[in-house]
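For reference, the structure discussed in these notes is given below.
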Amino acid sequence: YQNFITWFGHLAKGEPFTALAYLSIALVVITVLKNGFRFLAMNFMVLIRNRSIQEIRQNVYQRCLDLPIAFFNNERKGDLMSRMSNDVKEIEFALMVSLEALYFQPLNIILFMVALVMLSAKLTLYILLFLPITALIIGLIGRSLRKRSTRNQELLGKVMTAYDETLGGIRIIKAFNAAGFFSQKYKEQDEAYTRNNIGVQRRYDLASPMSETIGIGVSALLLWLGGSMVFRNELDPEFFLTYFAIFSQLIPPFKAFSNALYAAQKGIASLDRIQELVTAPVTVEDPIVAEVPVFNNNIVLKNVGFGYLDGAKVIDGFDLEIKKGQTIALVGPSGAGKTTLTDLLARFYDVTDGGILLDGVDIRKFKQDDLRRLIGIVNQENILFNETVRNNIALGMPKTPLEAVIDAAKAANAHEFIMEMDHGYDTEIGERGGKLSGGQKQRLAIARALLKDPEILILDEATSALDSNSEKAVQQALEKLMSSKTSIIIAHRLSTVIHADVIIVLDKGKMIEKGTHNELLEQKGMYFNLIQLQQLLSN
Ligand SMILES: Nc1ncnc2c1ncn2[C@@H]1O[C@H](COP(=O)(O)OP(=O)(O)OP(=O)(O)O)[C@@H](O)[C@H]1O
Ligand SMILES: [Mg+2]
């Protein structure tokens, strides 16, 4: 250190040119170092920012896959989309603005404060008296900012929902001339969002002028107090100037810090919404210690009762034994609870009363994946994905050889129309299979179930969209599969269920008749009436 002082003394006193040269070099070296490290720091920040955001996104996505179906009945899709896009963006912005400032500015502020205290503890104390007031103002604005930001994200979710619904139903909106209605509804939601957003941005814009005003206010006070001390000869003027110069260095970090606080508040509002999604309760849970499902004997539904979240029982006191290999048909009026019953079997929902036993073991003791591996479903809605025909049929089984896919498609009477498509099995079928006809979608869904070759087959109106010829062909393939499997078929067209081992008539969630086709005809009850009605219609 002593050496350095001597050397510096020489430098300053002696050769002016050497001094100048050293100074210039020092300037360059310092700048290169500063910017080099700054670049490194930013590199690191970019990494932190992107990787943390990625983790949030992936958590949200994974969570959506884990959440039970009931969750999605109650949430609006647009809002979920908005959380994934807008809220995540807000968090990213907050991270970008505040990460650096919230870590480094306090350090800056503390260093300057230490210098100020060392120069004059008394003056510094005066300044510190303003701290609580400043903190209060910043806190109040921050809180209101956070509340409004939460509301903002909710409103944006509604806007996105309106947009999503419109895109999904565009054909019906046009057909029913409902564009005016939807346009009005959209405008209202957009207006509410825009107003709230203006409020948020105004508060946010308040941050910078506010902190600058506070800073200058404190400076003026300092000038007055310190100046008076100088005039009273209590303070050395040079000393005061130094003090004031250092103090003025405090304002930019203070401003950056309070700006960062506001950005963080907005980010936290969004983070709360993400948190809400990630911590939403999983009502259909896998057990901690799971048993492995075996199906050798039977499925027993014991006094099964179920109601959706919001109301009355949809299934009530339902008892049934399904022996392995049997074909069970569920018939009954629309809204009777047929689909619900099969949903319970696959644990899309858990029963609220009673239990469902597979070979004597309650199905809640299995992992959902293990249970569903046994079950193949063709639904009332034939859900297809924006993928190739091949991947849609071999869903969840990406390694299936093409030959097997083709066999399944042939059995489902789908091979022919697939081959007529531009790229055959490699044709992309558009979002939700939008490029296909209703019957074509249904045949792909059947091919999917045939390929899975499950132990338990659930066919919910599986052939309802087919013309009589293709229905006959598909029905044959299905019957071949059903003869060796356990199956549950739901159909309004009763001609497809007459061969079932057991036919169950369901009405308002209760089993009211049970037997074979002939037995039920003799009972002359609801089934008999339905059959008569349909025969009348077809004659
Ligand atoms: N997600 C849901 N939330 C609340 N209630 C529902 C839900 N899904 C169905 N329901 C109600 O449960 C009852 C049974 O519906 P379900 O879909 O099981 O009838 P279904 O017998 O399959 O009728 P369909 O023959 O028309 O398909 C209906 O009254 C319906 O309104
Ligand atoms: Mg149904």
Side-chain angles (χ1 to χ4, degrees), residues 64 67-80 161 165 168 280-284 299 301 303-320 322 327-354 356 363 368 375-383 438-439 441-442 445-446 449 456-466 471 478 487-498 500 502-514 520 525-527 529-531 533-534 537:
C64 285
L67 281 166
I69 287 180
F71 176 83
F72 298 94
N73 295 340
N74 299 320
E75 292 286 331
R76 284 154 298 127
K77 194 170 128 219
D79 188 60
L80 294 177
T161 301
E165 257 184 342
V282 176
T283 44
V284 179
I299 304 167
L301 293 93
N303 193 27
V304 168
F306 176 76
Y308 288 99
L309 281 182
D310 39 5
K313 283 218 166 144
V314 175
I315 302 291
D316 198 6
F318 194 88
D319 283 300
L320 178 68
I322 304 169
T327 297
I328 306 285
L330 288 174
V331 301
S334 179
K338 304 181 295 290
T339 301
T340 305
L341 201 62
T342 59
D343 282 351
L344 294 177
L345 212 60
R347 278 197 81 197
F348 291 137
Y349 305 93
D350 272 333
V351 297
T352 35
D353 293 304
I356 299 176
I363 56 170
Q368 294 166 65
I375 301 175
I377 298 182
V378 181
N379 254 340
Q380 267 171 311
E381 305 157 54
N382 300 297
I383 303 291
K441 282 188 241 180
Q442 197 159 50
I446 292 170
I456 303 164
L457 190 65
I458 295 173
L459 303 172
D460 192 348
E461 297 290 350
T463 52
S464 59
L466 302 186
E471 181 171 22
L478 285 176
S487 35
I488 297 168
I489 38 178
I490 299 173
H492 284 122
R493 216 181 299 169
L494 298 179
S495 58
T496 54
V497 307
I498 48 179
V502 182
I503 299 171
I504 286 153
V505 183
L506 201 65
D507 190 19
K508 300 200 180 84
K510 289 197 159 120
M511 184 198 293
I512 54 170
E513 284 169 30
K514 177 179 161 188
L520 291 184
M526 190 178 214
Y527 183 78
N529 288 336
L530 287 172
I531 286 280
L533 208 64
Q534 292 199 356
L537 289 178

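When reading the values below, keep in mind they use all heavy atoms of this one structure, side chains included, and skip hydrogens, waters and symmetry mates. Just so you know, ligand 1 is whichever comes first in the structure, and atom 1 is the first atom listed for that ligand.
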Of the side chain and backbone of His492, name the one, both, or neither that has a heavy atom under 4.0 Å from an atom of ligand 1. side chain
Tell me whether Gln368 contacts the main-chain N or O of Val284 through its side chain, where contact means a donor paired with an acceptor under 3.5 Å. yes
Judged by heavy atoms only, the candidate from Tyr308, Phe348, Phe306 nearest atom 5 (N) of ligand 1 is Tyr308
For atom 27 (O) of ligand 1, what's the nearest protein heavy atom and its distance? Gln380 NE2, 2.7 Å
Protein non-hydrogen atoms only, distance under 4.0 Å: does atom 31 (O) of ligand 1 have such a neighbour? no
Salt-bridge present (Lys510, Asp507; N to O < 4.0 Å): no
Can you tell me if Ser487 uses its side chain to pair, donor with acceptor, with the backbone of Leu457 under 3.5 Å? no
Is the Mg ion (ligand 2) under 2.8 Å from any N, O or S atom of Thr339? yes
Looking at atom 14 (C) of ligand 1, tell me if a protein heavy atom falls under 4.0 Å from it. yes
Within the 4.0 Å heavy-atom cut-off, what Val314 brings close to ligand 1 is side chain
Mind checking whether the Mg ion (ligand 2) has an N, O or S of Gln380 under 2.8 Å? yes
Would the distance check show the side chain of Gln534 and the main-chain N or O of Leu494 forming a donor-acceptor pair, the cut-off being under 3.5 Å? yes
Could you identify the single nearest non-hydrogen protein atom to atom 26 (O) of ligand 1 and state the distance to 0.1 Å? Ser334 OG, 2.5 Å
So, Lys313 side chain and Gly305 main chain: donor-acceptor pair closer than 3.5 Å or not? no
Could you identify the single nearest non-hydrogen protein atom to atom 22 (O) of ligand 1 and state the distance to 0.1 Å? Thr339 OG1, 2.7 Å
Value for CG (Leu330) from CG (Leu459), rounded to nearest 0.5 Å, stands at 11.0 Å
Write out the residue and atom name of the closest protein heavy atom to atom 25 (O) of ligand 1, then the distance separating them to 0.1 Å. Lys338 NZ, 2.8 Å
Quick one: list whatever passes ring pair (Phe, Tyr, Trp, His ring centres under 6.0 Å) with Phe72, sequence neighbours left out. none
Relative to ligand 1, is Asn73 under 4.0 angstrom through side chain, backbone, both or neither, heavy atoms considered? side chain
To the nearest 0.1 Å, how far is atom 28 (C) of ligand 1 from its closest protein heavy atom, and which atom is that? Gly335 O, 3.8 Å
Taking only non-hydrogen atoms of Thr340 and a 4.0 Å limit, the atoms of ligand 1 in range are 14 (C), 15 (O), 16 (P), 18 (O)
What is the minimum heavy-atom distance between Val378 and Ala449, and which atoms define it? CG2-CB, 3.5 Å
State whether a side-chain donor-acceptor pair under 3.5 Å links Thr340 with Tyr308. yes
Candidate pair Phe71 and Leu80, rule side-chain contact (heavy atoms from CB on, under 4.5 Å), full reasoning: CA-CA 11 Å; Phe71 176 83; Leu80 294 177; 4.3 Å; yes
Short N/O distance, under 3.5 Å, between Gly332 and ligand 1? no
